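Written out below as structure tokens is the structure these notes cover.
Predicted model, so just to flag it, every value in this text is computed and none were measured. Here is the naming used below: chain letters follow the sequence lines, and residue numbers restart at 1 for every chain.
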2 protein chains.
Amino acid sequence: MAKTTTPPGADTASPSATALPAARRVTSYDVALLAGVSQSAVSRCFKPGASVSKATYARVMKAAASLDYIPNAAARSLITRRSNMVAVLISNTSNLHYPEVLSALSQQIARHGKRVLLFSLAQEADVAHALADVWQYQVDGAISVASLSDEHIVEFRRRGVPLVLLNRRAPGQVAHTVSCDQVQAARTLVSRLAAAGHRQFALIEGPTDSCTAQERRRGAWQRLTELGLPAPLVVTGQYDYASGGTGLREIIRQLGRVPDAVICASDVMAIGCLDCARHELALDVPGQLSVAGFDAVEPSNWLSYNLTTLRQPMQQMAAAAADLLVAQIDGRETEARGRLFSAQFIEGATARLAPLQPDMLAA
Amino acid sequence: MAKTTTPPGADTASPSATALPAARRVTSYDVALLAGVSQSAVSRCFKPGASVSKATYARVMKAAASLDYIPNAAARSLITRRSNMVAVLISNTSNLHYPEVLSALSQQIARHGKRVLLFSLAQEADVAHALADVWQYQVDGAISVASLSDEHIVEFRRRGVPLVLLNRRAPGQVAHTVSCDQVQAARTLVSRLAAAGHRQFALIEGPTDSCTAQERRRGAWQRLTELGLPAPLVVTGQYDYASGGTGLREIIRQLGRVPDAVICASDVMAIGCLDCARHELALDVPGQLSVAGFDAVEPSNWLSYNLTTLRQPMQQMAAAAADLLVAQIDGRETEARGRLFSAQFIEGATARLAPLQPDMLAA
DNA sequence: TTGTATGCGTTATCAA
DNA sequence: TTGATAACGCATACAA
């Protein structure tokens, strides 16, 4: 390895570790000087499809290596108007879903040679702050896994920053969107439960401002109505574990009895509901009560739960979002487009299900 | 105020959906022109502690607002040598731990007016690629929640990029570190289990290259030896759910019987172990077998598990890491420092525990 | 307090 | 293929 001057105390004894006093950065001029070429020649050597002779390329690369030269992305982006950064806006409320989404997005964005500038939104109020920074940092585009208001979406367009919404809708706006068909997913779930004889349904929803929750609700209602079943009892939760238990209690209180099936707008709530039913209310699930969730987060697959749920093809959705965004950035895609994925039904063992009938697929 | 040329469609009325063809960006010159001041005056207005008169400040801000002007961070960082970006390196293997760590880091870094450039490492091989980008993007510093080789750590110092390791050690290097005392945590756990009468221990470890796993192992061994207990049986897992079950089976196979206690190097493995014990082997936990984990991830707290585990004060650790990094960036902290936090013991209900004795604290 | 002039490190244009 | 030169958008030293 490079023996610089004095190998700074490698033993914990003497952390001399004096930070090098802002050593002047190595620039393309330094490399040019050492290689005996012009600065623009150096620049060209670091641009993929440039026109450089083998000889100069070799000389430049050798000099660059010996000086530890790395092009400065800030300077580059100033002139190319490309930062190779993509903003990812994500709200913490996604919770257990968060790592899967984020690492998938990060990977897919990296495939296109770009990196993720992360905006992790703890509260709704953070959106304004985050966006102010998004504009400053000159990102090439943004992917939002958080709810944005119409005004915010308009601002993206006005500022010419490509935007893709992942699992969110733009209420009054045309926007590029990648999502999973929640309506269809909820319809499928209801169909399969109804076919197995469930009649009294209850729903534990997410916060009403979440469009994912709204669509799941709409799909369930639609299908229940079509099947002539009684209207479901609806309570609202916060997508968290505790909401599952309190939701179930509330349902039983309002209904005066245990419903046939509880559909929860997230797996975590479904698990909370399940634990409450089994451990606190001593109910047999799925004997006395069927419980289903959405998202197929990792714990839903654990032996203690084996939850009936619907999986979103997140890796594919992330790839689609990244592709769609890059297409916009490259100007290949101008008109707003939406890509809709289908959820995969996971039978699990927390709901009584009838064997699959052909008409359910058509449902 | 004089509407000079044509303010680019500032009204939401006509979104005409056609992406504006790379409209020339609004710069500080445009603002200066409209406000009737010099460009440097505009610049000063956007610098916190600058010397500007009330009057010009107002004029400039008005002009800026009407033009939708936002300073260009790339240009700024070129001259200030501050990008206000912090690289966060994190490996996906942290899995359930990942969201907590990442959102805590993101928040804490944001407190210092900086943003997170995310490098989510799916494989060990990604490190080199990630680092190459870290150098390019001119980040102010980096926080690594992934294992870095000595060579990599040296490179940070050589390039003058401040680095803080979170829950990782630098084997042969002096480095700024924030971590949780895994040795002490493991010792405490063994002490409490031993005091309750457990004699035959087994460990399900993480990958041997993980230093966190190593420390947990060392602490457990130390304390077992001190207490004169038999050496534990050790098997290795991958930190995932499946490893818990296969680990337990392997332990029972090698031991010829069920051990008194299984200590797992992560909660997810502990949960896998627990589920296997209860649902597949029909063992009574903690009656016949005690199971404990590390990390206190959210599911460990669910009713089905109520796991005996140790919580790392992650929010505080993230804050410490951010503080330490920023101190380095600002040149306030030059000598390598390590901050060590203590884990909090969560009693849970998957292990038989004796009441807390004073000497355990000293252990 | 304000304006002028210069430089940050790169890419892009154009002539050689 | 190569080199001189002009941007890119901002911050800062210095003079006014």
Rounded off to whole Å, could you give me the [atom1]-to-[atom2] distance for the [X] and [N] pair?
X	N	atom1	atom2	result
R76(A)	dC8(C)	CZ	P	19 Å
Q39(A)	dA7(D)	CD	P	16 Å
Y29(A)	dT5(D)	OH	P	10 Å
Q138(B)	dC10(D)	CD	P	19 Å
W135(A)	dC10(D)	CH2	C1'	21 Å
R25(B)	dA7(D)	CZ	P	17 Å
R59(A)	dT2(D)	CZ	C1'	12 Å
F46(A)	dG9(C)	CZ	C1'	13 Å

On the nucleotide [N], are OP1 or OP2 found under 4.0 Å from the side-chain N or O atoms that [X] carries?
X	N	answer
S28(A)	dG9(C)	no
S43(A)	dT11(C)	yes
K54(B)	dT1(C)	no

Looking only at side chains, do T56(B) and S53(B) share a donor and an acceptor under 3.5 Å apart? yes

Have S38(B) and S40(B) got a donor and an acceptor in their side chains that come within less than 3.5 Å? yes

Please work out if Y57(A) contacts a base, only the sugar-phosphate, or nothing of the nucleic acid, heavy-atom cut-off 4.0 Å. nothing

If you look at every strand shown and take non-hydrogen atoms under 4.0 Å, does V42(B) touch a base, only sugar-phosphate, or nothing? nothing

What nucleotide among [options] has an atom nearest to a side-chain atom of [X]?
X	options	value
I79(B)	dG3(D), dG7(C), dC10(D)	dG7(C)
S51(B)	dT2(C), dC10(D), dG9(C)	dT2(C)
S40(B)	dT11(C), dC10(D), dA5(C)	dA5(C)
T27(A)	dT12(D), dA12(C), dG9(C)	dG9(C)
T80(B)	dT12(D), dC10(D), dA4(D)	dT12(D)
T56(A)	dA7(D), dT2(D), dT2(C)	dT2(D)
R81(B)	dC8(C), dG3(D), dC10(D)	dC8(C)
N72(A)	dT1(D), dC10(D), dG9(C)	dG9(C)

Output yes when R111(B) and D323(B) qualify as a salt bridge under the 4.0 Å nitrogen-oxygen rule, no when they do not. yes

Can any side-chain N or O of S106(B) pair as donor or acceptor with the backbone N or O of A104(B) at less than 3.5 Å? no

Establish whether the base of dG3(C) is bridged to the side chain of R44(B) by a donor-acceptor pair shorter than 3.5 Å. yes

Pair W135(A) + F156(A): ring centers closer than 6.0 Å: yes

Rounded to the nearest 0.5 Å, how far apart are CG of L163(B) and NE2 of H152(B)? 11.5 Å

On DNA chain C, check which nucleotide each of L78(B) and A55(B) is closest to and give me the residue with the more 5' one. A55(B)

